Protein chains: 2
Amino acid sequence: MTTKSSLQPEELLQNADLRCTRGRLDILRVLLAADRPLSQDEIARRMGRNGLNKVTIYRALEAFNRAGFLHIAQVQERIRYYELAHRCRQMRCHPHFACVRCGRLYCLHDHYLPLIKDLDQGFVIHRQQIRLEGLCPDCSG
Amino acid sequence: MTTKSSLQPEELLQNADLRCTRGRLDILRVLLAADRPLSQDEIARRMGRNGLNKVTIYRALEAFNRAGFLHIAQVQERIRYYELAHRCRQMRCHPHFACVRCGRLYCLHDHYLPLIKDLDQGFVIHRQQIRLEGLCPDCSG
DNA sequence: AATCTTATTGCAACTGAGTTGCGTTTAGTG
DNA sequence: CACTAAACGCAACTCAGTTGCAATAAGATT
Ligand SMILES: [Mn+2]
Ligand SMILES: [Mn+2]
Ligand SMILES: [Zn+2]
Ligand SMILES: [Zn+2]
């Protein structure tokens with residue numbers, strides 16, 4: 001796990017020196033309950049009535065990302081997908097599988113590859129992400 | 001290498017049943033000469049006088065991608081970066097390193113990781129891409 | 001070489017995820 | 001309760017990539 005701390009929304013925010021607001025707690029609850037990275041739009045829709053302004057959600061996600069407990073999953077699209085970082089190992093993020101047919105995105109929580117090594121002198125790796133694309137079980141039948 | 005065929009622009013197009021036009025040959029020459037994935041804008045600028053319309057470039061890249069000899073490199077940005085596929089091994093693309101400070105993108109042509117295996121029944125992998133982010137030699141000093 | 005078919009191209013207008021500026025609200029401190 | 005900086009909402013913006021359609025040209029056919 002990237003964060004040793006608990007996954008309580010309150011603690012995530014406090015540890016990052018972010019204010020504990022209703023909206024940010026809601027965003028975190030949505031992300032904690034999600035089983036795959038979500039777009040801003042998906043997050044907003046899952047917040048339902050408590051809906052925050054689009055801009056506010058983007059700014060919160062940006063702050064979470066800066067704080068390090070949120071990742072932007074690599075998807076070959078214009079839309080970004082966000083997820084909490086707790087399922088990643090230090091620099092190695094869990095891989096994602098993108099289905100080229102139905103567009104679904106899967107988290108491969110239990111599939112890790114070693115970190116790339118022997119980079120040229122001077123490269124400092126912060127994060128390694130892996131993306132698979134192909135057909136998902138629903139679409140390969 | 002993904003393609004057994006030569007890297008002559010003409011052959012790439014003919015093998016893919018695409019018409020050999022001046023513009024498309026120019027795009028391919030630019031990509032062949034590049035040492036990293038390029039955006040549409042960068043491609044256009046490197047074509048200089050022979051400049052094609054933006055839309056035409058996008059449509060050509062789309063066709064190349066469908067034909068399989070061009071890849072869209074995974075970069076955590078809104079802009080897409082394109083490169084020829086000849087430096088990738090079957091399903092395993094060569095990794096890319098993105099510097100979080102200067103924004104530069106590096107191709108790691110000689111660094112490969114094994115293909116992820118033991119996916120759940122039904123997943124069919126077409127491509128595996130790896131993205132590293134961190135500081136490049138220029139920025140880590 | 002002239003003709004035909006249809007892939008390719010250019011242009012203008014569009015789309016929409018993400019951003020910016022700024023005035024208002026509110027969490028957290030004391 | 002007052003204070004201050006963080007968080008918020010809204011309107012307007014940006015700009016990479018897309019779409020529709022008419023004009024052009026590759027290359028196959030006569
Ligand atoms: Mn994931
Ligand atoms: Mn590359
Ligand atoms: Zn699928
Ligand atoms: Zn750098």
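Predicted model only: the values in this text are computed from it and were never measured. Lettering follows sequence order; numbering is per chain, from 1.
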Peer 1: Taking atom C1' of C:dT19 as reference, at what distance in whole Å does atom OH of A:Y58 sit?
Peer 2: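 It is 10 Å, rounded to the nearest whole Å.
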
Peer 1: Testing B:Q74, B:E83, B:R36 for side-chain hydrogen bond (donor to acceptor under 3.5 Å, both in side chains) with B:H96, which one passes?
Peer 2: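 That would be B:E83; it is the only one of B:Q74, B:E83, B:R36 passing the side-chain hydrogen bond (donor to acceptor under 3.5 Å, both in side chains) with B:H96.
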
Peer 1: So, taking the atom named CD1 in A:I43 and the one named CG in A:D26, what distance separates them when rounded to the nearest 0.5 Å?
Peer 2: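 One finds 11.5 Å between CD1 of A:I43 and CG of A:D26.
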
Peer 1: Provide, to the nearest angstrom, the distance between the CZ atom belonging to A:R24 and the P atom belonging to D:dA5.
Peer 2: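 It works out to 17 Å between those atoms.
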
Peer 1: Centroid separation under 6.0 Å, is that true for the rings of B:Y106 and A:F123?
Peer 2: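 Yes.
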
Peer 1: Determine whether a donor-acceptor pair (N or O, by modelled atom type, separation under 3.5 Å) exists between the side chain of B:Q128 and the backbone of B:P114.
Peer 2: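 Flag set: sc B:Q128 to bb B:P114 pair under 3.5 Å.
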
Peer 1: In terms of side-chain heavy atoms of A:Q40, which of D:dG20, D:dA16, C:dG18 is nearest?
Peer 2: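 Output: C:dG18.
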
Peer 1: Classify the side chain of A:R59 versus the base of D:dG9 as yes if they form a donor-acceptor pair under 3.5 Å and no if they do not.
Peer 2: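 Counting by modelled atom types and ignoring angles, a donor-acceptor contact under 3.5 Å is found here.
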
Peer 1: Side chain of A:R78, base of C:dA17: donor and acceptor closer than 3.5 Å?
Peer 2: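 Check fails, no donor-acceptor contact within cut-off.
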
Peer 1: As a test of reading the structure: which of D:dG9, C:dG10, D:dC8 is closest to the side chain of A:N53, going by heavy atoms?
Peer 2: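 The listed nucleotide nearest to A:N53's side chain is D:dG9.
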
Peer 1: Ignoring the backbone of A:I79, work out which of C:dA17, C:dT9, C:dG21 is nearest its side chain.
Peer 2: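 Of the options given, the side chain of A:I79 lies nearest C:dA17.
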
Peer 1: Treating B:Q129 as the side-chain partner and B:I72 as the backbone partner, does any N or O pair qualify as donor plus acceptor under 3.5 Å?
Peer 2: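 Checking the backbone N and O of B:I72 against the side chain of B:Q129, a donor-acceptor pair under 3.5 Å is found.
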
Peer 1: Start at the 5' end of DNA chain D and walk down; is the nucleotide closest to A:V55 or to A:A63 reached first?
Peer 2: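 The residue closer to the strand's 5' end, by nearest nucleotide, is A:A63.
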
Peer 1: Can you label the angle between the A:H94 ring and the A:H109 ring as parallel, tilted or perpendicular, going by 30° and 60°?
Peer 2: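 Aromatic pair A:H94/A:H109 classed tilted.
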
Peer 1: At how many degrees, to 10°, do the end axes of the helix from C:dA1-D:dT30 to C:dG30-D:dC1 meet when each uses five pairs?
Peer 2: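 Both end axes considered, the difference amounts to 30°.
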
Peer 1: Under 3.5 Å, is there a donor-acceptor pair between the side chain of B:Q40 and the main chain of B:I57?
Peer 2: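 The answer is no, because no donor-acceptor pair under 3.5 Å joins these two groups.
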
Peer 1: In whole Å, what is the span from the CD atom of B:E62 to the P atom of D:dA16?
Peer 2: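 After rounding, the reported distance stands at 18 Å.
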
Peer 1: When you group the ILVMFWY residues by side-chain heavy-atom contacts below 4.5 Å and let the links chain together, are B:I116 and A:L135 in the same group?
Peer 2: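 Shared cluster, no.
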
Peer 1: Could you write out each protein N or O paired with an N or O of nucleotides 24-28 of chain D at a distance under 3.5 Å?
Peer 2:
{"from": "D:dA26", "atom 1": "N3", "to": "B:R19", "atom 2": "NH1", "distance (Å)": "3.0"}
{"from": "D:dG27", "atom 1": "OP1", "to": "B:C20", "atom 2": "N", "distance (Å)": "2.9"}

Peer 1: Does A:K54 get its side chain close enough to the base of D:dG9, under 3.5 Å, for a donor-acceptor pair?
Peer 2: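 Per atom types, no contact qualifies.
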
Peer 1: Between CD1 of B:I27 and OG1 of B:T21, what distance do you get to the nearest 0.5 Å?
Peer 2: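 One gets 7.5 Å once the value is rounded to the nearest 0.5 Å.
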
Peer 1: Atom CD1 of A:I43 and atom C1' of C:dA17: how far apart are they, to the nearest Å?
Peer 2: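 Rounding to the nearest Å, CD1 of A:I43 and C1' of C:dA17 are 13 Å apart.
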
